[in-house]
Colleague: 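Quick one: this structure, given as structure tokens, is what I'll be asking you about.
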Amino acid sequence: MSDRAFAVLGLFDTPDALLSAIPRVRARDLGRLEAYTPYPVHGLEKALGLKKSPLAGMVLVMGLLGALSAFLFQFWATGIDYPTVVGGKSPLAWQAYIPIVFEVMVLFATFTAGLGMLLLLNRLPFYGHPVLASRSIAAVTRDRFALSVEAAGAELDVEAAARALREAGASAVEVVLVPPEAGPYSPNALLRGLLSVAAACLVAGLATYWGIKLMPVLPPMVHMEDQPRVNAQAPSAFFPDGHAMRLPAPGAVARGYLPYGPASPEEAAALPNPLPRDARVLALGRSKYETFCAVCHGPLGDGVPTLTSAYGAKPANLQSRTVREYPDGVIFHVITRGKNAMPGYAWALTEEERWAVVHYVRVLERAQNARDEDLK
Amino acid sequence: MADDTRPQPPVSGRRFWISREEGPGEPDARSAVWNEFPEGAADPPELPADALSRRRFLALLSASAALAAASACSAPDRGTIVPYTERPDEVVPGVPNFYASCFAEGRRAHPVLVRTREGRPIHVEGNDRYATAPGKAPYRAVADLLGLYDPDRLREPQNAGRAVSVPEAERLLAEKARKAREQGLPVLLFTDAVLSPTRARLLAELRKVLPGLEVVSYEPALGEGEERVLRSLFGEAVNLEPRPEKAKVILALESDLLSGEDPALVRAFAAGRRPEGRREPLARLYAAEGRFTLTGSRADARFGVRTGDLGAFALGLLRLLVGEHGVSLPPGAENLPWPERPLSSLLGAGAGEREAEALARDLAENRGAALVVAGSHLPAPVHAAAALLNLALGSLGKTLGVWPWPTAVAPSGRGEAEAALERAAEGRYGLVLFWGGNPAHAFPGHPAFGEPRREVFVRIGLHEDETAKVAALVLPEAHWLESWGDFVPRPGLKALRQPALRPLYPAARQGEDWLLGLLRALGGQGAEDYARFLKERWRREEWPPESPVPFERFWAAALHEGLVPGTPPPVSAPSAGALGPHLCGASTPKGLELVLHPSPALYDGRYANNGWLQEWPDPVTKATWDNPLLLAPADARRLGLKDGDRVRVSEGGRSLESAVLIQPGQREGVAALSLGYGRQALSVARGVGTNAFVLLGREGERVLRGVEVEKIPGRKPVPTTQTHHRMEGRDLVRSIPLKEWARGEGEKREGHPLVSLYPDQEFPESKWGMVIDLSACVGCSGCLLACQSENNVPVVGPEQVLKGREMHWIRVDRYYEGPEEAPRAVHSPMLCQHCDNAPCENVCPVNATNHSPDGLNQMAYNRCVGTRYCANNCPYKVRRFNFLEWTAHKREPETLAFNPEVTVRPRGVMEKCTFCVQRIEEAKVRARVEGRKVADGEVIPACAAACPAEAIVFGDLKDPESRVSRLARSGRAYKVLEELGVRPSVTYLAHLRNGPEDSE
Amino acid sequence: MSVPAPAPLPEELAPPRYLEGEVTPGALDDQVLAFPERKPPRKWFVAFAFTAALAAAGFGFIGYTIATGIGVWGNNRPVFWAFDIINFVFWVGIGHAGTLISAILFLFRKTWRNAIARFSEAMTLFAVMCAGLFPLIHVGRPWLAFWLFPYPNQRALWTNFRSPLLWDVFAVSTYFSVSLMFWYLGLVPDLASLRDRTTHPLRKKVYTVLSLGWRGAASHWVHYEKAYLLLAGLATGLVLSVHSVVSFDFAVSVVPGWHMTIFPPYFVAGAIFAGFAMVVLVLVVVRESMDLRNLITLDHLEVMNKVILGVSCLMAYSYFMEVFTAWYSMNPYLHHIFRQYVSGTYGWAGILTLCCNVLAPQVFWFRKARRSYPVMILVALCVTVGMWFERFVIIVISLHQDFLPSAWHVYLPTKVDFAILLGSFGLFFTLVLLFARVLPVIATTEVKAVLPGAQPRHAGGGHE
Amino acid sequence: MHPYDRFARWWLPVGGGAVLATVLTVGWATQPDRFSRAFAPEQPIPYSHRLHAGSMKIPCEYCHTGVRKSRHAGIPAVQTCMNCHAVTRTDRPAIQKLAALARSGEALPWKRVHRLPDHVFFDHRPHVAAGIACQTCHGEVQEMEVVSQRMSMRMGNCLGCHRDAHAALPPGSPPRKGPENCNACHR
């Protein structure tokens, strides 16, 4: 303990004694005066010349701030960020926000009052205050009243202060020394401390990270993400072949899927194209042709595939005379059933789409083999 | 998750009755835990009731923790996608397909359309090409989808309790048949009604190789009176076809004409009850009955007549008609003797003599447009009297069609069936084949079923049921959705049944296939499988040879449509004189009369393992999961019985025990009990209700006289979905006399204008709404099942229903008005009203429910934390909360029944009717992709699609020309609890009463 | 100066004495602050074991509920809320007495409150803790209860600020924070006293940390008193708002019997009523078992009982007003539900409520009754039970028969419901017992400040 | 300085700050999005989109045929591969495996790369119909040897685009928004 005095405390037995001592000691102007009492003693603030507490103003400002922020937040969240209609009210209807505005206002105000008083105005917690280390503090928090003459900048005149206090009626006087100035921290200790904090955070953080990575969601948290229903293309543990998607029963006819009749191109030759040659049909035919046909037959239908890699078989040239002379029904049949290495495309193209492709093939043929009148 | 594939009962099985005795108020710890942990549910069901020790609870907990860990470890894995190996042209994953098929039950067949996803049925609805009831299916057909995925289904043939392969089973069957043939012993085929011409042909083929084949075709649920009367009247087995659409006056003699079992009847009736745009007066329905049937509840005037007196009532009426209204008796019937009893002495509470006079007048004035129908359970005298009335009124051929029984195999009576079974018990048959039905349940305690696994007994069936237990050889049968067949649903109309999927279990084959195998093994001529057999018969017999269409195309088109029209063969003229003996059979009732009738839910018990149907509230009593003895209020008072008391019912040395439910409106002295309950096998069915077949005598008499009812100790509360039956004077379901409406009084609206502090909502594109016509709605509750199937609504079990936790998104409120003895009933479907100012939305703290721009009250289950505040604040109480886990433990095949387009809700979340938003969104997407607006009628919610009365209309209220908008402007329109200012989107059209007093 | 001794006043006219005998600040410390240092008596341990076991069982059943689903409770359709919300409202209500005593009576300068303020504030905190438990566990998916707080998330969703439940979230959490702050501020000087008198090293450390280095400086007291005054003012507004907001849960809905404009004041009055009863109940035990008869006098109890009597009359008025409103509304749904309050399946609950809340406290018109332990304990118990049942009446009866008779259903609680209710009582009393064991049960600083002679004579006198 | 003060004034803020920083870092690093993105499981058949869709320019819809007809774009049936591979590159082991699967009908369990929770009902149709390119969400698949997830599959991401679809829509499209109501995705 250093021998520099922080204060001289004089203990008084009654509040009256304290109050009457203050003007006397104050007149000596020995240093800053402070009183320590077990409970608030009225009149002390006047006697010591303390200023009024600014807390009320702070609380008012923060309370209003809380109210305003609560209102704006609710208004933004419900009315602007994600407008939701609830109970027929416009997203901007503000009336229902009032209760929360009030509560948040009180919350802000309370925290300002409580924490503002403790932390800002009274600068607590302060465990190292010299008075706390004094012998008298036990009496002060019990039933005695202390007047303290404290060093204010200049060195404290201990003797004078003690004398003054005694003369003012103090029943006991104690010199409170300034506690030794232990520097904040040695660099080493600081480093060690910081490192251990960092290490603890790192370990905890990594553990959490891996925990979440390996076990992201546990039941029952997960329980609507994975419902016990069978989605399209799901696997199955029930059907021995592992497919939850089943094949229709052989021979059954689904609505809208009358089996395709003709068994050979010859039988199909007579089928008329039921679609008109209008822009919609041709656009449909073109989009389907370019998706499914152009890969082999080429965008122009000339049998030059867009596939850069060699296909095992040579795709047909749709511009060839043979193909051009096919009736529509034959082309339709080939699209439906396939020919040689070409598979049928009924799985990908509906009947309408197939007929549209037939039209489009005709357009391609015409474009490449334009007759004179087309050029006019 | 090791035992994923272990068979699980569809609604987690026995838990329903394990804690049955607890009753309400007890913590349902056990059933809850059973729900929670699939492992527990798979445990042996013999677990004693108090087996859930703390240790076991902890074990289950740790098991679930292990499960959690196991699934967590594989979390980065996102599962797999299994595409088709070869995708069929018609299947696009995620897009439904529809297959026309045909549902058959009892003596009825009905064309249906099966919706499949990726080759698996997920919903059943009516066939839209069926002109009599387009798009409407019987409600049990809709519900039987669950039967397809019933985990209790037989998967493999069993011989003497051991699984055997299909060829082995076929060999064993053939061996038995050969042995019988060699020994010269007859062979009995005990089956249910043979409605299919091709099935009858197969039996004929079989008879060629098995000359000793006897066929008993018995439907235990149905009475035989009608059958007998019609046979003597027409000289052959015939079917009647009531045509309510042609009738102006209908008299139902305890006939559940409007039960919805035949949606065509409901549709025709409802069509006659819509006043809008109708020139003729509304059809009038009279009912005379002892029970309180759904049809009776919808009658404009209802006579309380003891069931045993109905014949006398009909004859009294006839006398009135002949004596005072100049109606002449049909030829041959002029001198028939019949007992005379004054009409007035028969009438109980309810409609009285004045109404009887009015009825007679109405009938007389509407000769040729009047229809009398009698319930199928009634004895021959009633049917004879009804036939006489119909003949006298000239109904035949006008309001009542007659057509011959579609097949050569006529139905057998109970006496015949019992005799055959007795011979079987005595070992007189070399082979007994039980195919379909469940005789061991329908003939309880019969000596034929006394010993297990009889060597000569063979069972072809869906389940390992009571009958399978007495057969040595058990052959699994395919479900009807997996089968081929043909039926005659209406006179002349042929309907085809085609499978909507390949059999779930390859060893389960349709019964015909087993018989075809037998036929071939015995050296007969038959195709390889029944599909070919059917097609061959159609090629030979149904395809008009003169047709320009090749058979293959004819056949494909027939399968595509599901129907082929035709004309029925004629029926010989009736000879009324033949009714004589039947008329004399009528006798005065004595003591308490007990009426045994097929259960509206389980029919003859074949659906007892179907949780949807078990939990489907009876449209009148609202009882689920039980068949209580229904007593008239006066009888209950006399016997000192309350709802839920237990009684012993005995008659002629036979007795059973049952719970009691008091049925207002039931005639004093009449009790009723439904058949089909009290099954002793299968995980859901077992132990639910009591088997009333016990009381059926040899003659199959369903109206028993002098029945003793005695109170026994204990209580067994009946789980009902409605516990309060009066409207308490509130304006909830409006029912107004026709004359008031005609005078425009229905349009008077009471109450003050509703004001709001807030500006009205705007709906940019559309505003969905619904209109429910209470004049059309008969209360059949078919909508419940369609909704349940479409929307993955879980089944909760009887304890939970007792607690009021059932989950149906739509319910049908049924209120009684007037005196207990003869109340009037009103029915009103109640579902989420999608209020514009929805009170539920305001209170949800997490915004899980709010309003969509197209006017839906949307519910995001995945956002719901389950505060249940919304449900409290819902004035209609249509929100449903998952109090416990009812779905998560489900595995295939049960999960295959779920609609993949709808969330399967877990515990802890709120749910409710969404107006089938999946259908709305699908239509919207389709319209958007095609660059157009959603057309009127493009979106049809499941309830509306299923409603046989077409009482539910759905559409866009923003479009003033849509059907729903036009109906919503009707003078009958009102909204329930309109005064609350919540602005519901569902409009009701008031029910119009058309009693003799109600019209001018 | 000799003043003739005044003639002794009749007992009835004598001013109430809130201190018995001579109490000096030091003696006060020795009496009150010594508790934490003494080994508690056997009966404390017995009581603690009992309440802790009750609480543990309650938590066990809460765990069971969370693992299984709230279907283990009796809640059903239409009674979607039952014990869970009854208990919530009940406990929030209990909390209100503490704030009333510490804040409102402080503002009214009723110094008799000083002796009982600490205890009531602590009870507020514990009651709010019990209350806060129920909204969390009553939801269907409690693991997602954090969704009730508006925080930015990847779903881009916010909460519904129009929902009274969300108002509850804000009100109750604010109420808890404010009560905690208020209670702790009051504790700081007492903790400093404890710090300076204890010799036990561990206790010393703990009290040192908790007292934040309070040294009683006059400059601190200035701010401290200001803060205390401000907090009292804020807490007063808050306490009125909190139960109003809780009542909004009901009043804002459409349910007949809930949708009542009188609910906010009526709920606040009810809360104070139940809270005072609970305070009386606990105070009697504390007074006797901790030997505090000189600090908590019979006059304290009497004035509390007077408040109970007064609030009881207020409750009677509220009930009457409610019935009148219902009758006057001509609303058939409301008429029906009010008939159900006293007849029908649960009519007994309504009658019990009336007897307990309106009739029983009337005995306090008699001075003897106000000063009699058995009577006040009985009445306090009655009020506690009655107020619980009042919430039962409001919640369960109103819900079980609302608009559509087709949806009506009776409600039956299960054993789990009762176990969790008892568990919440266990938790409450466990916390009370712990509090009495380790912290000063009487705000010594505040009492010291109003002891005779505590304030300088010439500085305007004290608060006597 | 009093050790308690040292603690209160140094270590409390430092520790609190460190904890906060850790929580924020871990929280940021463990967003489900970060884990799910770049998820590129090994597939049972080493199919290369870079080869097929990139070099050979086979249109996406050649295989993913469902995209205009169904909610699901669909993984092609094994037979679709066999359209070409019945004759092409039949010597490769992977193709032989494929051919064997096509013959036997056994399941080919592709590892799922994009998985939405079951309570989300995403529909490809309106997105494709609006002209949004596959790559907008799925990334430049034609450059991926092994397909990996590129987009965020969180609700915030869906909403981001629905609220301002400008960047996703083809140039020149009229400004439009996607629906933001619950039912658009949740049923």
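So you know, we letter chains A, B, ... as the sequences are listed, proteins then strands, and number each from 1.
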Colleague: Given the options A/Thr112, A/Val131, A/Val106, which has more heavy-atom pairs under 4.5 Å with chain C than any of the others?
Modeller: A/Val106

Colleague: Would you say C/Leu185 and A/Leu118 make side-chain contact, with heavy atoms under 4.5 Å?
Modeller: yes

Colleague: Going from CD on A/Glu103 to OG on C/Ser173, what distance comes out if it is rounded to the nearest 0.5 angstrom?
Modeller: 8.0 Å

Colleague: How about A/Arg24: does its CZ atom have over 12 heavy atoms from other parts shown lying under 6.0 Å from it?
Modeller: yes

Colleague: Enter the distance from C/Thr208:OG1 to A/Tyr127:OH here, rounded to the nearest 0.5 Å.
Modeller: 8.0 Å

Colleague: Under 4.5 Å between any side-chain heavy atoms of C/Trp221 and A/Leu44, yes or no?
Modeller: no

Colleague: In terms of heavy-atom pairs under 4.5 Å, which option from C/Tyr224, C/Phe182, C/Tyr175 contacts chain A the most?
Modeller: C/Tyr224

Colleague: Flag the one option from A/Asp81, A/Thr14, A/Thr84 with the top tally of heavy-atom pairs under 4.5 Å to chain C.
Modeller: A/Asp81

Colleague: Which atoms of C/Val209 are under 4.5 Å from chain A, going by heavy atoms: the side chain, the backbone, both sets, or neither?
Modeller: both

Colleague: State, yes or no, whether a side-chain contact exists between A/Val140 and C/Arg215 at a heavy-atom distance under 4.5 Å.
Modeller: no

Colleague: Only pairs of heavy atoms separated by less than 4.5 Å count here; which of A/His129, A/Arg144, A/Glu45, A/Gln95 has the most with chain C?
Modeller: A/His129

Colleague: Taking C/Glu225, C/Arg162, C/Lys226 one by one, which has the highest count of heavy-atom pairs under 4.5 Å against chain A?
Modeller: C/Arg162

Colleague: Do you know which of C/Val242, C/Leu194, C/Asp29 has the most heavy-atom pairs with chain A at a distance under 4.5 angstrom?
Modeller: C/Asp29

Colleague: Hey, could you give me the OG/CD1 distance between C/Ser241 and A/Ile98, rounded to the nearest 0.5 Å?
Modeller: 13.0 Å

Colleague: Which bit of A/Pro99 comes within less than 4.5 Å of chain C, counting heavy atoms only: side chain, backbone, both or neither?
Modeller: side chain

Colleague: Looking at side-chain heavy atoms only, is the closest gap between A/Tyr39 and C/Thr444 below 4.5 Å?
Modeller: no

Colleague: List for me each residue that meets side-chain contact (heavy atoms from CB on, under 4.5 Å) alongside C/Met181, sequence neighbours excluded, and say none if there are none.
Modeller: A/Thr110, A/Phe111, A/Leu115, C/Leu231

Colleague: Tell me, with the steps shown, if A/Met105 and C/Leu234 meet side-chain contact (heavy atoms from CB on, under 4.5 Å).
Modeller: CA-CA 10 Å; A/Met105 178 187 78; C/Leu234 289 167; 5.9 Å; no

Colleague: Does the side chain of C/Thr24 reach to within under 4.5 Å of the side chain of A/Asp143, using non-hydrogen atoms?
Modeller: no

Colleague: Any side-chain heavy atom of A/Tyr36 within less than 4.5 Å of one from C/His220?
Modeller: no

Colleague: For the residue pair C/Gln455 and A/Pro15, establish whether any side-chain heavy-atom pair is separated by less than 4.5 Å.
Modeller: no

Colleague: Using a 4.5 angstrom heavy-atom cutoff, name the option from C/Thr159, C/Val245, C/Asn160, C/Leu229 with the most pairs to chain A.
Modeller: C/Asn160

Colleague: Using the test side-chain contact (heavy atoms from CB on, under 4.5 Å), find all partners of A/Arg135 that sit at least two apart in sequence or belong to another chain.
Modeller: A/Glu174

Colleague: Check each atom of A/Phe102 against the heavy atoms of chain C and say whether the ones under 4.5 Å are side chain, backbone, both or neither.
Modeller: side chain

Colleague: Heavy-atom cut-off 4.5 Å, strictly under: side chain, backbone, both or neither for A/Ala93 against chain C?
Modeller: both

Colleague: Does C/Asp30 have any side-chain hydrogen bond (donor to acceptor under 3.5 Å, both in side chains) partners at least two apart in sequence or in another chain, and if so, which?
Modeller: A/Arg142, C/Arg197

Colleague: To the closest 0.5 Å, what do you measure between OG (C/Ser219) and CG (A/Leu33)?
Modeller: 11.5 Å

Colleague: Select all residues of residues 48-61 of chain A having any heavy atom within less than 4.5 Å of some heavy atom of chain C, and report them by number, or 'none'.
Modeller: A/Leu48, A/Leu50, A/Lys51, A/Ser53, A/Pro54, A/Leu55, A/Ala56, A/Val59

Colleague: Taking atom types as modelled and ignoring hydrogens, do the side chains of C/Trp158 and A/Thr78 form a donor-acceptor contact shorter than 3.5 angstrom?
Modeller: no

Colleague: Is it the backbone or the side chain of C/Leu230 that comes under 4.5 Å from a heavy atom of chain A, or both, or neither?
Modeller: side chain

Colleague: Does any non-hydrogen side-chain atom of C/Ser177 lie less than 4.5 Å from one of A/Leu107?
Modeller: yes

Colleague: Please report the interatomic distance CG(C/Asp196) to OG1(A/Thr141), rounded to the nearest 0.5 Å.
Modeller: 3.5 Å

Colleague: Shorter than 4.5 Å, heavy atoms on both sides: which option in C/Gly213, C/Ala235, C/Gly237, C/Pro150 has the most such pairs with chain A?
Modeller: C/Gly213

Colleague: With a 4.5 angstrom heavy-atom cut-off, which part of A/Glu34 approaches chain C: side chain, backbone, both or neither?
Modeller: side chain

Colleague: Could you tell me which of C/Pro164, C/Pro189, C/Ala156 has the largest number of non-hydrogen atom pairs under 4.5 Å with chain A?
Modeller: C/Ala156

Colleague: Assert yes or no for the condition that the ring centre distance of C/Phe161 to A/Phe73 is strictly below 6.0 Å.
Modeller: yes

